Structures are given as structure tokens and as C-alpha cells.
Protein chains: 2
Amino acid sequence: MDLQKIRYFLVLAEELHFWRTAERVFISQSSLSRHMQALEEELGIRLLERDKRNVKLTDAGKFLQQQWRVKVRELDHIQSQAKKISEGEAGGVSITYPGSIAFKFLPLFLDNLNSKLPNLKIELTEPNDENHEKLLLDYKADLAFGRDRITNSSIETYKLYAEPVCLIVPKAHWLTQENFVSLKDLQSERFILSGLHQKTFFASFLRNLFYNYDFEPQVLIESDFGGMILSLVSKGLGITILPSSFSYAKAENVRFIELDEEIGLYMNWRKNELNKAIERVVECGKETAMLYSEM
Amino acid sequence: MDLQKIRYFLVLAEELHFWRTAERVFISQSSLSRHMQALEEELGIRLLERDKRNVKLTDAGKFLQQQWRVKVRELDHIQSQAKKISEGEAGGVSITYPGSIAFKFLPLFLDNLNSKLPNLKIELTEPNDENHEKLLLDYKADLAFGRDRITNSSIETYKLYAEPVCLIVPKAHWLTQENFVSLKDLQSERFILSGLHQKTFFASFLRNLFYNYDFEPQVLIESDFGGMILSLVSKGLGITILPSSFSYAKAENVRFIELDEEIGLYMNWRKNELNKAIERVVECGKETAMLYSEM
DNA sequence: ATCGACTAATGCAAAAAATGCATTATTATG
DNA sequence: CATAATAATGCATTTTTTGCATTAGTCGAT
């Protein structure tokens, strides 16, 4: 069975019109017609109800449209992943990262990486839901920087460094590193936090933090995007808690106050990976962490 | 890209020998050789390292073997599901069920179903892990009988009936329906239970039960298979708790003592299902439940 | 070093499949 | 009833696939 036929079918299932479809896929109407006949024949399944004027999908056709659409995408994705493996250091890796490292560690890392493997194509994404584990296992990502260690037997993990978590207040705020005693004193403050209800590691870290200090913060605004939070704080709309990495974001009019708590940065990637470029990228990550820690 | 080529590749990736592979797939060696060349060409990916004497997979080849193997299976499965839809009431449905209903409700249901839809092919499985939800969503099952209601927006659920949960003891045991007061009196008894650590609904039901009566049972033996548990009880190896349905299993030498707790039986299936036979099967299930309740 | 056995690739001719044009057959519309 | 629309089909042409026979490397035994 030819995948091409399936692709044609998927277009036809959208268009429901042989001529337009034929045009869209650059073959003649007659060829398309015969492709569809052949496909139905091969499967032994009626896919289309044709009267001489209209085309519509049978139930089985609708089902196969839904299912095939997904699988064809997956097959394409698999192929592009295989290509990356095939091309090794001239290929590519796709990397996910938390927003906090975008200002210092990540640029340092990319710079380092680029000088070591100048031909490697790099694809960066900052995932919203931080489900790194799934992204790695589905080959949507090859290397995931994250705030937590993934515990999965087919994923390798490495701690790069730890950094303090900071309370961030507007410059004009009464609180300073010197007069800061405990989070408990901030019960009446308004917080801007990244979605506490979320399942990300940082969200659960925060929940836990407030739980330990035994109070519920007044959350004024929620945002997943650290840069946004920072800018709201600088506008005096509230205070927040973020990893100290954000101090490199050059936000104006804010003050960072270090807490006792620390948060780690981890690097996660698939074990037994066939894409050999990734090993090199991992090495480079470890090296960058050294560099970073010494700065 | 022809799926057939991929199938050939998967065989070749196992055999690593063109002649043997060609024989296994009933084509000539030359044809196979050219198929593999064409496949590599199309993908732009080297799959095989050939010297004149040996064949082995490249890294990309290994990757594609792993991934394609899965996807090809999935595509086949999709196709067979489409076939069932296409054939309607002359097609088939696959049904999962918990062991407890195998003695009375299920035979009644199947009998009823068979008289209503005599051409329908039925595939029965008793899943170990009871992850009905996933089975339904992956189209591994079309209708799932289970002890819990699945709450998923694309799954429809219907309560068939509720039945008491029973304590089951050997005939010679001192405990009877009359002298039974509370589970608490059974702290010193030895239990044979279905794996309490499991994630099945019945396991969590049991955990909850013991939690409410505020004691931890002494679990002597664990088994997932109700029939086995029953036979162990009849041999005097311990006592157990199971849905009262098991009383239809005609186990010798055991006594059932009804508890106050009840447990339901639910029927779950996909919403907006294209396989029209399933609607009829569902109806039939509801009808059977009426019948069953009146008996 | 030489020979023979083994194995993947290739030249070639025959067979099969796909393609597009022109045409047909059917149906909806005015 | 004429017309426009549209999917299927006959047919000649082109492209692809197939298997046989052969070639060309490679390994191992002598």
C-alpha cells in the first residue's frame, strides 16, 4: 500500500472534490480517481460514497481520515528524526529549555556548542507544559534542560548546577536583602506567580515553599512567562519568586532578594541514543556548566 | 513511499541477509535489492551498510526499524478497525470484562447479543491491568465492562447494576452471615486478595474498605485471578472479599457473607463511535442488565 | 597465492502499473 | 429539455517493477 495514496486520500477527504484535489496534488483527475479505487480495493473497504455529482466519506472513511492523519504525521516525524541521526554532527538536535536560563546559561551554552560543532543545526523550544519526559520519549526533543530530574529508566539525567531562588520586588519596595527575615512576613503582599495549579516542577516547588511557610499567597496575576512577570513587578504590580537566573534579564527597577532555598538545573536526554551528535552536545552542556559555575 | 518496502525492510533488518529475506517475502533477491535502494533513495537516508559479504544496519536504520515496527503494527490495527466499521453488524466488536461477571452476567449478555446480532463477531479479553480507558481510546477495545465509571469526555458510561461485596470463607469457618458483625473482627484472619498495590478500581476499593474499618489485613497470598482466589479459599488457605457475582462460580466448600458495601458494574464505550454495531451492542447490554436485575 | 563458495549489485527484456487525454455517463439546475 | 458539473473509463504512452542470468567483490580453506 502506497503512503502516497493515503496522502491523496487525506486531501480528498478534506476537499471532497476530485478535480480540486487532483489539482492540489498535481496529478490528473483520472489518476486520482484510479488511485482511490485502488486504495479501496487493497483495503477491501469502501471509503467514499460517490454519486455522479457528490463525494462524501463513509464512516470507515471518516475513521481512517482521523487515524491516518495522525499516523502520517508521526511517520514524517520519524523520518526527519532518522535524517538527523543519519547526518550526525552535520544534522540537528532539538533542545527545550526553561525561560529562566535564556539570559545567561543558554547563550553561553549555544556559543560554546557553535564553536565545537559549527555544522550542527539547533532547534530551540520553550515548552509551556514542561512535560519534558514525554517530549523526549516521543522524539519531539533530543535534549531537555529543566528544573527537575526526570526519573525514567530510558532517560539519562545530569545536574548542571544549583542556584538560589529569589524574591523579586520593585526598587521602591520596603523589603531589602538586609531587612528580610522570613517569607511569613509577606502574607499581606500581592504576588505575581507562574500558574500554581500547573503541573510544572517550578509550580510544585512554589506550592511546597508556601506550604512550608504555612501560608497561602495572595496571587494577583498568574503568568507562565518569566519575562512578563518580571516586567509586571518592575511596574510595581506585585512581587514574585523566581530563580536567581532572572537577574541576568536586565530588568529595570527591581531588586532581587536571595532566599535560602535552592533550585537545580538539570539536563535530560535519551539513553542509548543513536544520534551521535547528542553525546557531543551533552558533553558541551557539562562543560558549559563548569564555566558558568566559575563565573 | 510504499509501505510494502517498509515491510520488506523490517524483515531484512531482522534477517540481515538479502537471499533469505527475499525468500521469506516471496520476491527475487534482485527485486529486494532494488527495493532497498529505492527506499534509501526516497528517504535520502542510508539504511544498510553492505560490503560484498555482509549486511548490517546503520544507526538510522536501527532507529527506523524500531519506530517503523511499531507504526506498521498500528497502521494494521487501524485498518482492521476500519474494516469492522465498514462491515457494521456483520463486522465485529471487541469487549473487555472483569472476571467477576464471567459466570452469570456475561454469558447472559452474550446469549442475548447472539440472538439479536447473529452475524456479529465478538472478541473477548479479560485485561490484567484494567486500564479500560486507554484500551478504548487506542481502539484496542470497543466496549469495556468494568467496576468503575470512566470519566473522560470522549467516553460514554452507563451503570448496569450494583451488587453487594461479599466476604468469602471456607464452609468450615466459624463466621456466618448471622454471627457476622464487623470487618474489624477479622484482624487476625489471613486474607487472600487481589493485589492491593495495583491501580485497578477493585484494589483501591479494597484499600479504602480496610482504611474505613481502620485496619491492615494480613495478606497471605495475592492473586489477580478471582477463580484462583476462590479455589484457595475453598482449600481453607484463607478468606477473601469479592463481588457477590462470584457466587455463581459454583465453588465448592465456601460460604458467601454479604457486606453492606456495594460495588457497581459499568459499561463504557467511545462517544460518537462510527462503528454502528456498537450502539446495538450497548442497547443489548442495557437490556441484559434489566433482565439480570429481575432474576 | 589460488580457488571456490557466497552474496549483493546490475544489465536486460518482459510484464505490470501509472499517467493523462479525450470521452462517456450520470445528475442537478434553470 | 438543454446545460453545466463531475466522477468514471477506454486507450495509447510512459514509467516502474520484476526475475533471470551474470558480474564483481569478499571470505576462508588449502
Side-chain angles (χ1 to χ4, degrees), chain A residues 1-62 64-65 68 72 75 79 82 86, chain B residues 1-62 64-65 68 72 75 79 82 86:
Chain A
M1 186 168 36
D2 198 338
L3 268 185
Q4 193 58 43
K5 290 199 183 84
I6 293 182
R7 289 181 206 273
Y8 290 155
F9 168 74
L10 289 175
V11 178
L12 179 59
E14 271 181 27
E15 293 281 359
L16 294 176
H17 193 290
F18 274 70
W19 251 109
R20 279 202 301 280
T21 304
E23 224 154 55
R24 254 185 72 183
V25 301
F26 305 110
I27 57 172
S28 70
Q29 174 266 326
S30 91
S31 183
L32 177 63
S33 170
R34 275 188 269 244
H35 270 307
M36 293 304 103
Q37 287 169 27
L39 185 57
E40 287 179 316
E41 178 89 16
E42 273 181 287
L43 295 169
I45 299 174
R46 232 306 135 57
L47 302 176
L48 303 160
E49 308 258 23
R50 315 107 148 131
D51 53 41
K52 293 282 154 174
R53 201 151 176 87
N54 293 298
V55 184
K56 52 180 209 169
L57 292 173
T58 62
D59 284 344
K62 282 181 210 156
L64 287 173
Q65 182 194 18
W68 275 344
V72 165
L75 284 170
Q79 183 177 334
S86 175
Chain B
M1 186 168 36
D2 198 337
L3 268 186
Q4 193 58 45
K5 288 199 184 86
I6 294 181
R7 288 181 206 273
Y8 291 155
F9 168 73
L10 289 175
V11 178
L12 179 58
E14 270 180 29
E15 293 283 358
L16 293 177
H17 192 289
F18 274 70
W19 252 109
R20 277 201 302 278
T21 303
E23 224 154 57
R24 255 184 72 182
V25 300
F26 306 109
I27 56 171
S28 69
Q29 173 265 323
S30 91
S31 183
L32 177 63
S33 169
R34 274 188 271 242
H35 270 307
M36 293 304 104
Q37 287 167 28
L39 186 56
E40 288 179 316
E41 179 89 15
E42 273 181 286
L43 295 169
I45 299 174
R46 233 304 137 56
L47 303 176
L48 303 159
E49 307 259 23
R50 314 102 148 135
D51 53 41
K52 292 281 154 178
R53 201 153 176 85
N54 293 297
V55 183
K56 52 181 210 167
L57 293 172
T58 61
D59 283 343
K62 282 181 210 158
L64 285 172
Q65 181 193 19
W68 275 343
V72 166
L75 284 170
Q79 185 176 335
S86 174

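Everything quoted here is computed from the prediction, not taken from an experiment. Letters A, B, ... mirror the listed sequences (proteins, then strands); counts begin at 1.
Taking the six-membered ring for Trp and thresholds of 30 and 60 degrees, B:Phe9 and B:Trp68 have ring planes more than 60 degrees apart, a perpendicular arrangement.
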Walk me through it: do B:His35 and B:Ile27 pass the test side chain to side chain contact (heavy atoms under 4.5 Å, CB included)?
CA-CA 11 Å; B:His35 270 307; B:Ile27 56 171; 4.1 Å; yes
Before giving the answer on side chain to side chain contact (heavy atoms under 4.5 Å, CB included), spell out for B:Leu47 and B:Met36 the whole-Å C-alpha distance, their side-chain angles and the decisive distance to 0.1 Å.
CA-CA 8 Å; B:Leu47 303 176; B:Met36 293 304 104; 5.7 Å; no
Walk me through it: do B:Gln4 and B:Val25 pass the test side chain to side chain contact (heavy atoms under 4.5 Å, CB included)?
CA-CA 10 Å; B:Gln4 193 58 45; B:Val25 300; 5.9 Å; no
Sugar-phosphate or base contact per nucleotide [nucleotides 21-30 of chain C; S, B, -; heavy atom under 4.0 Å]:
B----BBS--
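In this structure, A:Met36 atom CE and D:dT6 atom C1' are separated by 16 Å, rounded to whole Å. The interatomic distance linking A:Glu40 (CD) with D:dA8 (C1') rounds to 12 Å, in whole Å. Between the CZ atom of B:Arg46 and the C1' atom of C:dA8 there is a distance of 12 Å, rounded to whole Å. Rounded to whole Å, atom P of D:dA8 lies 8 Å from atom CG of A:Leu48. For A:Ile27 and D:dA8, the CD1 to C1' distance is 14 Å, given to the nearest whole Å. For the pair B:Lys56 NZ and C:dT7 P, the computed distance is 18 Å after rounding to whole Å. Counting to the nearest Å, the P atom of D:dA7 and the CD atom of A:Glu23 are 12 Å from each other. Between the C1' atom of D:dT18 and the CG atom of B:Asp2 lies a distance of 14 Å, rounded to the nearest Å.
The shortest distance between the side-chain N/O atoms of B:Arg50 and the OP1/OP2 oxygens of C:dT7 is not below 4.0 Å. Contact check, B:His35 against D:dT18: a side-chain N or O comes under 4.0 Å of OP1 or OP2. Distances shown here put a side-chain N or O of B:Ser33 below 4.0 Å from the OP1 or OP2 atom of C:dA9.
A donor-acceptor pair under 3.5 Å links the side-chain atoms of B:Thr58 to the main chain of B:Arg46, judged by distance alone.
Under the 3.5 Å distance criterion, with hydrogens and angles disregarded, no donor-acceptor pair is assigned to the side chains of A:Ser33 and A:Gln29.
At least one side-chain heavy atom of A:Leu43 sits under 4.5 Å from a side-chain heavy atom of A:Met1.
Nearer to the 5' terminus of DNA chain C, by closest-nucleotide assignment, is the contact made by B:Gln37 (compared with the other of B:Gln37 and A:Tyr8).
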